[in-house]
Amino acid sequence: MEDAREQQIRDELVRRVVGLDSARQSFPLEAREEDLIDALAEITDLSREEIVAVARQVRAQYQAPPAPRRRTWRRALLPLLGGVLVAALALLGRWFLPAPAPVPAPPAPSRGAPPPASPPPPAAAVAPQAQEAEASVPLDPAAAAIREAFLRCCPRPAWWQHESIRGVAINSYDDLLAYWQNKSRSKRQFFKAAYQAILDHPQDTDLVVTAIKLMPYGDSSYPHLRQLLEFAVAHYFHYRQPLANYGGMAGDTIAGIVEDLARIYLGQGEPERAVALIERLLKERGKEINDHMLELLALVHAQALSRAGRQAEAIAVLQHAIDAYHGDWEKQLRESLARYAPQKAEPARLR
């Protein structure tokens with residue numbers, strides 16, 4: 001019995017951590033541990049302690065350390081050759097270039113003449129973090145308006161000055177995804193780099209929407225997460241994500257943002273707001289969302305309806321999802337349906 005329970009949670013973790021489900025964007029376990037543990041505790045019958053124990057085993061199994069880079073003899077020889085070349089150029093310069101003319105000493109001031117002007121004080125040194133925070137790119141008026149709206153609703157976090165991203169340049173959607181996969185950066189460094197990329201390129205819709213989708217994994221304690229996701233829904237509700245190298249559909253990214261925002265509404269005691277948001281998404285973008293994402297939305301939708309006292313509608317949502325969608329979350333849908341209406345639970349459909 002214990003082995004079966006462990007295998008149950010291991011299957012869920014492998015699917016979401018390792019990304020075996022190619023039709024849905026995955027995220028690493030360490031990016032959002034608490035949220036993932038909470039979600040899995042809700043959709044399985046396992047305790048948090050069991051989830052954490054198996055999660056550690058899965059992480060150790062699928063996250064091997066990178067192999068060390070081998071330094072070839074050519075790489076070792078290049079710095080030596082460079083040093084020899086610099087020394088040779090310096091010697092030739094001493095032989096063939098004329099010596100600089102001596103600089104005359106300034107004349108002594110005559111009696112009664114005003115004292116010479118003192119040199120200007122040295123400029124104050126700017127901390128690297130401050131330079132990063134103030135860096136900006138000239139924008140056209142429309143892009144500048146988007147940036148100002150973003151800054152008004154999503155202030156920089158309090159830790160901003162303590163995280164350096166010097167040398168990191170995110171100028172495109174591909175740059176963002178590459179930095180997301182970078183194992184050497186911290187969570188907060190990713191959040192800061194994504195935030196700065198939005199300020200620098202507010203006109204790049206692919207970059208902005210994807211950055212907002214991933215930023216909560218960089219800092220799940222950011223106090224303005226709700227405003228961040230609401231900004232995306234308000235400005236990019238009809239965003240269509242690039243489908244190159246992605247097996248899903250054009251509405252999946254905004255659907256993921258809506259799912260996260262609906263969960264925040266539920267956590268803050270606003271189930272009706274969560275219901276309205278999900279139902280608007282399904283009405284306007286439902287045909288552009290893959291079945292896996294639709295099943296996850298159905299789980300949140302039913303939970304919100306139940307908390308709003310609309311039990312019959314919650315049951316209908318779950319039954320519709322079981323009948324209409326063919327993703328990987330049928331088991332969780334049936335478990336939720338069994339909790340709301342035990343007599344409605346049926347054997348799993350044949351695939």
Side-chain angles (χ1 to χ4, degrees), residues 13-33 35-36 59 62-67 69 132 135 137 143 146-147 150 154 156-157 163-220 222 225 228-229 231-233 235-261 285 288-290 292-293 296:
L13 286 167
V14 168
R15 181 181 293 112
R16 299 191 67 167
V17 177
V18 187
L20 297 180
D21 178 4
S22 61
R24 183 171 185 265
Q25 288 177 324
S26 61
F27 54 87
L29 177 62
E30 70 272 20
R32 196 170 65 165
E33 278 188 349
D35 289 351
L36 180 54
R59 180 190 298 166
Y62 289 96
Q63 293 184 354
R69 295 181 60 184
E132 294 162 0
V137 178
I146 295 175
R147 179 167 67 183
F150 178 79
C154 305
R156 295 181 177 94
E163 291 287 341
S164 175
I165 54 169
R166 181 166 292 282
V168 177
I170 295 181
N171 297 312
S172 69
Y173 172 79
D174 290 336
D175 288 347
L176 179 72
L177 295 184
Y179 193 54
W180 170 248
Q181 299 295 334
N182 186 335
K183 300 298 183 182
S184 64
R185 51 91 183 154
S186 69
K187 298 178 187 179
R188 286 183 170 180
Q189 282 177 321
F190 176 81
F191 183 101
K192 183 173 182 176
Y195 187 108
Q196 188 64 48
I198 294 173
L199 299 185
D200 292 342
H201 305 283
Q203 75 284 357
D204 187 335
T205 304
D206 292 332
L207 189 157
V208 171
V209 179
T210 308
I212 292 175
K213 177 66 179 74
L214 297 176
M215 282 167 66
Y217 309 146
D219 183 9
S220 59
Y222 178 56
L225 275 184
L228 176 70
L229 301 178
F231 178 87
V233 169
H235 291 83
Y236 305 104
F237 191 80
H238 294 282
Y239 166 72
R240 297 175 58 83
Q241 74 179 80
L243 296 181
N245 301 318
Y246 176 65
M249 300 181 70
D252 289 351
T253 294
I254 198 65
I257 290 174
V258 165
E259 181 199 359
D260 291 342
L261 182 55
R285 305 290 309 273
E288 303 173 77
I289 303 170
N290 75 66
H292 305 274
M293 193 72 242
L296 289 169

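Nothing here was measured: the structure is a model prediction, and the numbers come from that model.
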Close side-chain approach of Ile198 to Tyr195, heavy-atom, < 4.5 Å: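 They are not in contact (no side-chain heavy atoms under 4.5 Å apart), so the answer is no.
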Ile289 vs Met249 side-chain heavy atoms within contact, under 4.5 Å: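 A side-chain contact is absent here, since even the closest heavy-atom pair is not under 4.5 Å.
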Arg285: partners by salt bridge (Lys or Arg N to Asp or Glu O under 4.0 Å), with sequence neighbours left out: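 Listed in chain order: Glu288.
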Give the minimum heavy-atom separation between [X] and [Y], together with the two atoms involved.
X: Ala250; Y: Leu243; value: N-CD2, 3.8 Å
X: Lys187; Y: Gly218; value: CB-O, 3.1 Å
X: Tyr179; Y: Ala193; value: CE2-CB, 3.6 Å
X: Lys213; Y: Thr253; value: CD-O, 3.9 Å

Partner residues of Tyr222 under the ring-ring contact (aromatic ring centres under 6.0 Å, His included) criterion, sequence neighbours left out: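 Applying ring-ring contact (aromatic ring centres under 6.0 Å, His included) to Tyr222 gives Phe191, His224.
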Phe190: ring-ring contact (aromatic ring centres under 6.0 Å, His included) partners, not counting sequence neighbours: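 Result, ring-ring contact (aromatic ring centres under 6.0 Å, His included) vs Phe190: Trp180.
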Interatomic spacing from CD in Gln189 to CZ in Arg166 - rounded to 0.5 Å: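 The CD atom of Gln189 sits 13.0 Å away from the CZ atom of Arg166.
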Reported CD1-to-CE distance for the pair Ile254 and Met293, which is rounded to 0.5 angstrom: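 Here the interatomic distance stands at 11.0 Å.
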With Ile146 via side chain to side chain contact (heavy atoms under 4.5 Å, CB included) - residues at least two apart: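 Side chain to side chain contact (heavy atoms under 4.5 Å, CB included) check on Ile146 returns Pro202, Phe231, Tyr236.
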Residue list, side chain to side chain contact (heavy atoms under 4.5 Å, CB included) with Ala197, at least two apart or on another chain: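 With sequence neighbours excluded, Ala197 shows a side chain to side chain contact (heavy atoms under 4.5 Å, CB included) to Ile170, Leu207, given in chain and number order.
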Main-chain N/O of [Y] paired to [X] side chain as donor or acceptor, under 3.5 Å:
X: Asp260; Y: Ile257; answer: no
X: Lys192; Y: Ile165; answer: no
X: Glu163; Y: Arg188; answer: no
X: Asp252; Y: Asn290; answer: yes

Pairwise salt bridge (Lys or Arg N to Asp or Glu O under 4.0 Å) hits with a residue in residues 167-179, at least two apart: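 Of all non-adjacent pairs touching residues 167-179, none passes salt bridge (Lys or Arg N to Asp or Glu O under 4.0 Å).
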Which residues share a side chain to side chain donor-acceptor pair (under 3.5 Å) with Tyr239, sequence neighbours left out: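 So Tyr239 forms a side chain to side chain donor-acceptor pair (under 3.5 Å) with Asp206.
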Met215: which of Leu225, Thr210, Leu228, Leu229 passes side chain to side chain contact (heavy atoms under 4.5 Å, CB included):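 Checked Leu225, Thr210, Leu228, Leu229 against Met215; only one passes side chain to side chain contact (heavy atoms under 4.5 Å, CB included): Leu228.
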